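One structure is given below, encoded as structure tokens.
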Amino acid sequence: MNSHEMTRKEILGKIGRYAGIAVKYFALGLFSLLILLPLFWVLMSSFKTTIEISADPFALPKKLYFENFVNAWERANMGSYFFNSIFLTAASLALLIILAVPCSYTLSRFKFPGAKVISLIFMAGLFININYIVLPLHMMLSDVGKVLGVGSDLTNNYVTVIILYASTSLSFSIYLMSSYFKALSPSFEEAAKIDGCGYFKTFLYICAPLAMPSILTVILFNFLSFWNEYILAQTFLAVEKSTLPVGLLRIMREAKTSNDIGRMYAGLIIVMVPVLAVYACVQGQLTKGITMGGVKG
């Protein structure tokens with residue numbers, strides 16, 4: 001094989017590599033456009049009047065019409081729905097983390113009678129879809145409320161929804177975090193034991209911080225789930241306690257009758273902005289190693 005043939009093969013190899021890179025970037029660019037263009041269209045429409053949207057949905061707004069956001073926030077009661085969603089999501093996430101983190105640590109790092117059975121029960125919860133059992137849950141809680149003499153307080157209660165949100169997400173959260181805790185080196189716990197730390201301090205100050213990437217992943221996934229949840233909020237909460245997804249559906253229904261489409265798009269932006277903000281804050285932590293800064297060699 002002469003040098004001329006080697007050069008030709010090298011050139012063909014480089015062309016193939018560059019072509020592969022070009023195809024990858026083209027696919028990524030196309031995928032980005034499929035996501036960003038609808039978002040830009042919704043944002044653009046939220047600053048347009050209904051007449052402008054009807055005349056040319058794809059044209060840029062002649063001027064920024066902020067009245068849509070005022071109408072959505074005040075007249076459509078999105079402000080109240082917004083704070084209801086924040087409270088429910090934050091409280092549900094707090095309860096979920098308080099339960100899931102120590103539970104996953106215990107099941108993954110300790111061996112005790114019944115541990116496998118408990119793990120199996122939690123894993124079985126992965127196959128239960130909350131949407132299929134909403135009606136039986138509502139009927140059961142209604143009957144319990146009647147027996148306790150509290151009427152509909154159990155079925156129109158933030159605490160009930162918070163417990164349901166956290167409990168139905170517990171299986172997935174434990175499954176995700178258990179793999180991180182299992183991968184931790186015993187050296188961490190051995191070093192903590194030498195320093196005089198008990199089980200609780202070892203978990204709180206050593207293992208939990210090392211598993212922070214997995215905890216943030218659980219927070220992000222469940223934040224998206226709780227923030228966008230509709231079925232439980234619609235079933236268990238009255239109108240004045242509704243969340244953003246329920247309120248957004250009401251705006252969409254009203255937009256068809258009152259001919260106020262701009263307010264509907266403004267409501268969509270109000271729902272999306274917190275999700276984008278939370279993701280921007282935590283996405284950098286999702287790729288970090290769980291043993292960063294830990295024992296080496």
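None of the values given here were measured: they were computed from a predicted structure.
Residue L64 qualifies as enclosed at atom CG: its count of foreign heavy atoms under 6.0 Å is above 12. Heavy atoms of other residues, nucleotides or ligands lying less than 6.0 angstrom from CE of M139 number 12 at most. Remark: F112 CZ is packed, more than 12 non-hydrogen atoms of other residues, nucleotides or ligands lying under 6.0 Å away. Around atom CZ of F110, more than 12 heavy atoms belonging to other residues, nucleotides or ligands sit under 6.0 Å away. Within 6.0 Å of OH on Y230 lie more than 12 heavy atoms contributed by other residues, nucleotides or ligands.
Formation of a donor-acceptor pair under 3.5 Å by the S214 side chain with backbone atoms of A211 is found in this model. Panel note: side chain S80, backbone N77; no donor-acceptor pair is recorded below 3.5 Å. Using a distance-only test at 3.5 Å, with no hydrogens or angles considered, a donor-acceptor pair links the side chain of E229 to the main chain of L232. When atom types are taken as modelled, the side chain of N156 and the backbone of A238 share a donor-acceptor pair closer than 3.5 angstrom. Between the side chain of S92 and the backbone N or O of T89 there is no donor-acceptor pair closer than 3.5 Å. Checked by atom type and distance alone, the side chain of S46 never pairs as donor or acceptor with a backbone atom of Y265 at under 3.5 Å.
When every heavy atom of S108 is checked against every heavy atom of K182, the shortest pair comes out as CB-CG, 3.5 Å. For the pair M177 and V218, the tightest heavy-atom approach, listed with the atom from each and the gap, is CG-CG2, 3.8 Å. Closest non-hydrogen pair, E189 versus T202, comes out as CG-CG2, 3.7 Å. Residues T106 and P102 approach most closely at OG1-O, 2.8 Å, considering heavy atoms. Here the shortest heavy-atom pairing between F188 and L184 reads CE1-CD2, 4.4 Å. Residues A59 and K48 approach most closely at O-NZ, 2.8 Å, considering heavy atoms.
Here the straight-line distance linking atom CH2 of W227 with atom CE of M272 works out to 12.5 Å at 0.5 Å rounding. Taking OG of S169 as the start and CG of L95 as the end, the distance is 10.5 Å to the nearest 0.5 Å. The distance from atom CD1 of I231 to atom CG of L164, rounded to the nearest 0.5 Å, is 13.5 Å. The OH atom of Y175 sits 13.0 Å away from atom OG of S173, with the distance rounded to the nearest 0.5 Å. Expressed to the nearest 0.5 Å, how far CD of Q234 lies from OG1 of T243 amounts to 8.5 Å. Once rounded to the nearest 0.5 Å, the distance linking CG of L210 with CD1 of I215 reads 10.0 Å.
Two residues are said to be in side-chain contact when any heavy atoms from C-beta on lie closer than 4.5 Å; T49 and N68 fail this criterion. Counting only heavy atoms from C-beta outward, the side chains of F127 and S171 never approach each other to under 4.5 Å. L96 places a side-chain heavy atom less than 4.5 Å from the side chain of F226. Under the 4.5 Å side-chain criterion, counting only non-hydrogen atoms from C-beta, Y165 is not in contact with L93. In this structure, the side chains of V246 and Y81 stay at 4.5 Å or more apart for every pair of heavy atoms. You'll find the side chain of P245 reaches within 4.5 Å of the side chain of S85, heavy atoms only.
Y65 and F40 sit in two unconnected hydrophobic clusters of ILVMFWY residues. Membership requires side-chain heavy atoms under 4.5 Å apart, directly or through other members. Hydrophobic clustering places L224 together with F82 (ILVMFWY residues linked when any side-chain heavy atoms are closer than 4.5 Å, directly or through intermediates). A continuous path of hydrophobic side-chain contacts links L60 to L43 [ILVMFWY only; heavy atoms under 4.5 Å]. Residues I270 and L276 do not share a hydrophobic cluster, defined by chaining ILVMFWY side chains whose heavy atoms lie under 4.5 Å apart. In the hydrophobic clustering of ILVMFWY residues, with side-chain heavy atoms under 4.5 Å counting as a link, L34 and L28 come out apart.
Partners of N129 according to the side-chain hydrogen bond (donor to acceptor under 3.5 Å, both in side chains) rule, which considers only residues two or more places apart in sequence or in another chain, are N131. Under the side-chain hydrogen bond (donor to acceptor under 3.5 Å, both in side chains) criterion, N84 pairs with Y158, not counting sequence neighbours. A search for side-chain hydrogen bond (donor to acceptor under 3.5 Å, both in side chains) contacts involving S45 returns nothing, not counting sequence neighbours.
Taking the six-membered ring where the residue is Trp, Y105 and F181 present perpendicular rings, their angle passing 60° and hence far from 30°.
Salt bridge absent: R263 and E67 never bring a charged side-chain N and a carboxylate O closer than 4.0 Å.
For F47 and F69, the ring centers are positioned less than 6.0 Å apart.
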